[in-house]
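In what follows, a single structure is set out as structure tokens and then discussed.
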Amino acid sequence: MNFIDGQFTEPLGGKYLDNIEPATGKPYSQVADSDGRDVDLAVAAAESAFPNWSKRAAAERSRILLRIADLIERDSEKFARAESIDTGKPITLARSLDIPRAVANFRFFGTAILHTENEAHVTDGVAFNYTLRQPRGIAGLISPWNLPLYLLSWKIAPAIAVGNTAIAKPSELTPMTAFLLCEACNEAGLPAGVLNVVHGTGPSVGAPITAHPKITTISFTGGTVTGKKVAEACAPLFKKVSLELGGKNPNIIFADADLDSAINGSVRSSFANQGQVCLCGSRVFVEKSIYKNFVDRFIEKVAQLKQGDPLDEKTEQGAIVNKAQLDKVKFYVDLAQKEGGKIALGGKAPESVNDRCREGYFFPPTVITGLPVSCRTNREEIFGPVVTITPFDSEDEVIRYANDVDYGLSSSLWTQNLNRAHRVAEQIHTGTVWVNCWLVRDLRVPFGGMKASGVGREGGTEALHFFTEAKNVCIAR
Ligand code: TXE
């Protein structure tokens, strides 16, 4: 059901899509297959809610956002279970990462708006200037399936915190937690029309959102190909756009690294959420002198990851989100072999992880060695549990390898040498560089990609600025 003007509503066309549980391959609910008419209704609701919401005191908006956070936290087990069933991710991951982060997103932006400062510029003897940052109107927020509530709330929270109203479109593959969020918004007393959620496919709902002249701000996270379409739709209408797209992130291990933590970190960065995180380090580069040792120990550790039913507490590797994504993973594993790669671990779908999941979309963590740096497997985003490992000789060489892709989202370096860390971090073309860690997220830092990984930054002040219009007021002395 859509959520428009504070009400759960049927899509006007009366159509629904099956919502398939990745772990079983079977439909377990239905999701509204909405279209442009539903988007129009949502725009009307968002438009009429805007004048009041945008004029509310920041403290009042803050209280409502904090209430939403409390309610998600109160119901966190329900949210975590829904996220696990909808995406195939292990319930323990939904519990420890996805849902707490959604809570944190609302708390962070719900309090950030209480601490903003306005800039003032004094023009010597002539004028005073100050900057007003005002909400822009209706924001369109489009998110993917890999971290459904985590990423959607990362957009909703700043957009409405600063006084915009919003139309959100979750991925049609993973609509469930967005539905639960709407219930929480009503209970928290969010005024009708401030947040509207329209479910459906990219072409039927996403495209009308990006094309709608009254939706002047678009924040999108998803694949690079879709990102291009979004940019094309928004450009002629001069919309303000933020695009967070794919990655092919390097994970670099120098010989002077603390090997235990480099291996543990690399196992996580390679296979968290079955490798379906845009920040996953899918290209591992290891300095030659420790290459063999690293590969042996890495494989030993990866082989211990427990693949299974996502709802099983012990499962560390769940299901791939859908059949198309599973086929894509298989395609790249075949391609890697054609390109000369050796499957050092995994590479073949398991028979079955248990009875319930006999027809689910599972693929084991897969490690590929022996590939040239410039081959397709090493350049294209797979978005699954597949990593390649490549040796290197020198710092300059590995910087070249790291930058030799169209993407530029994130990177990780493992070294005990601080000077080297600074030197390499400066030269790598990615929006985030982690040193001796991965996925450590401080919500205040700028977050986003370079090159084909996107345009703009989310997080902290960047998000508050993105969702507002800076207006200079100049007063003569
Ligand atoms: O994502 P899409 P898909 C990558 C990953 C994956 C590939 C495709 O490599 O294999 O993208 O995945 C909506 N106008 N990532 O097809 O299509 C869509 O409904 C407006 C990386 O699932 O990009 C969904 O809500 N919106 C990634 C959202 O866009 C449109 C996360 C993202 O879906 C639209 C996911 C259109 N024309 C996939 N077409 C990351 N970097 O986090 C689709 N959508």
Side-chain angles (χ1 to χ4, degrees), residues 17 19-20 22 31-36 39 86-87 89 98 140-152 154-155 167-175 177-178 197-212 215 218-235 237 239 241-249 272-280 282 320-332 361 363 377 379-386 405-410 430-432 439 447-449 451-455 458:
L17 300 164
N19 183 21
I20 293 178
V31 52
D33 186 7
S34 315
D35 59 37
V39 173
D86 228 13
T87 60
K89 71 177 67 206
D98 296 75
L141 314 172
I142 301 175
S143 63
W145 45 261
N146 56 334
L147 300 162
L149 191 64
Y150 175 131
L151 290 174
L152 194 61
W154 181 232
K155 299 182 187 306
I167 297 171
K169 191 201 97 57
S171 168
E172 60 276 28
L173 303 178
T174 54
T177 47
V197 174
V198 183
H199 292 280
T201 65
S204 302
V205 176
I209 288 176
T210 57
H212 202 294
I215 305 177
I218 299 286
S219 177
F220 172 85
T221 299
T224 295
V225 174
T226 318
K228 261 187 207 158
K229 289 188 198 152
V230 170
E232 277 167 15
C234 293
L237 297 168
K239 296 191 180 197
V241 184
S242 159
L243 302 171
E244 204 274 277
L245 310 175
K248 190 73 183 175
N249 309 307
N273 203 35
Q274 296 75 246
Q276 302 168 123
V277 181
C278 50
L279 304 164
C280 275
S282 49
I320 306 287
V321 73
N322 68 358
K323 169 120 182 7
Q325 197 63 24
L326 177 64
D327 289 343
K328 185 176 175 196
V329 170
K330 289 179 179 165
F331 167 83
Y332 276 102
Y361 311 125
F363 201 83
T377 311
R379 303 181 72 89
E380 296 174 14
E381 186 183 45
I382 302 173
F383 220 64
V386 181
V405 282
D406 292 335
Y407 294 104
L409 190 55
S410 71
T430 58
T432 297
L439 204 60
F447 176 80
K451 304 197 283 187
S453 290
V455 178
E458 301 186 277

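When a ligand or atom number is given, it counts from 1 through the structure's own listing order. Any value given below was found using the heavy atoms of this structure, including those in side chains, with hydrogens, waters and symmetry copies removed.
The nearest heavy-atom contact from the protein to atom 11 (O) of ligand 1 is G223 CA, 3.1 Å. Looking at atom 35 (C) of ligand 1, its nearest protein heavy atom turns out to be P144 CB, 3.4 Å. Scanning all protein heavy atoms for the shortest distance to atom 26 (N) of ligand 1 gives G206 CA, 3.6 Å. At the top of the distance list for atom 40 (C) of ligand 1, counting protein heavy atoms only, stands C278 CB, 3.5 Å.
Atom numbering of ligand 1 starts at 1 in the shown order; those under 4.0 Å from a heavy atom of I142 are 13 (C), 20 (C), 25 (O), 26 (N), 28 (C), 29 (O). In the vicinity of N146, heavy-atom distances shorter than 4.0 Å reach the ligand 1 atoms 31 (C), 42 (O). Those atoms of ligand 1 with a heavy atom of A207 less than 4.0 angstrom away are 14 (N), 20 (C).
Within 4.0 Å of atom 33 (O) of ligand 1, not a single protein heavy atom is present. Within 4.0 Å of atom 8 (C) of ligand 1, not a single protein heavy atom is present. In this structure, atom 3 (P) of ligand 1 has protein heavy atoms in its sub-4.0 angstrom surroundings.
S143 and L152 make their closest contact through OG-CD1, 3.2 Å (heavy atoms, listed as atom of the first residue, atom of the second, distance). Closest non-hydrogen pair, E172 versus V31, comes out as O-CG1, 3.9 Å.
Listed for the T224 side chain is a donor-acceptor partner under 3.5 Å among the backbone atoms of A452.
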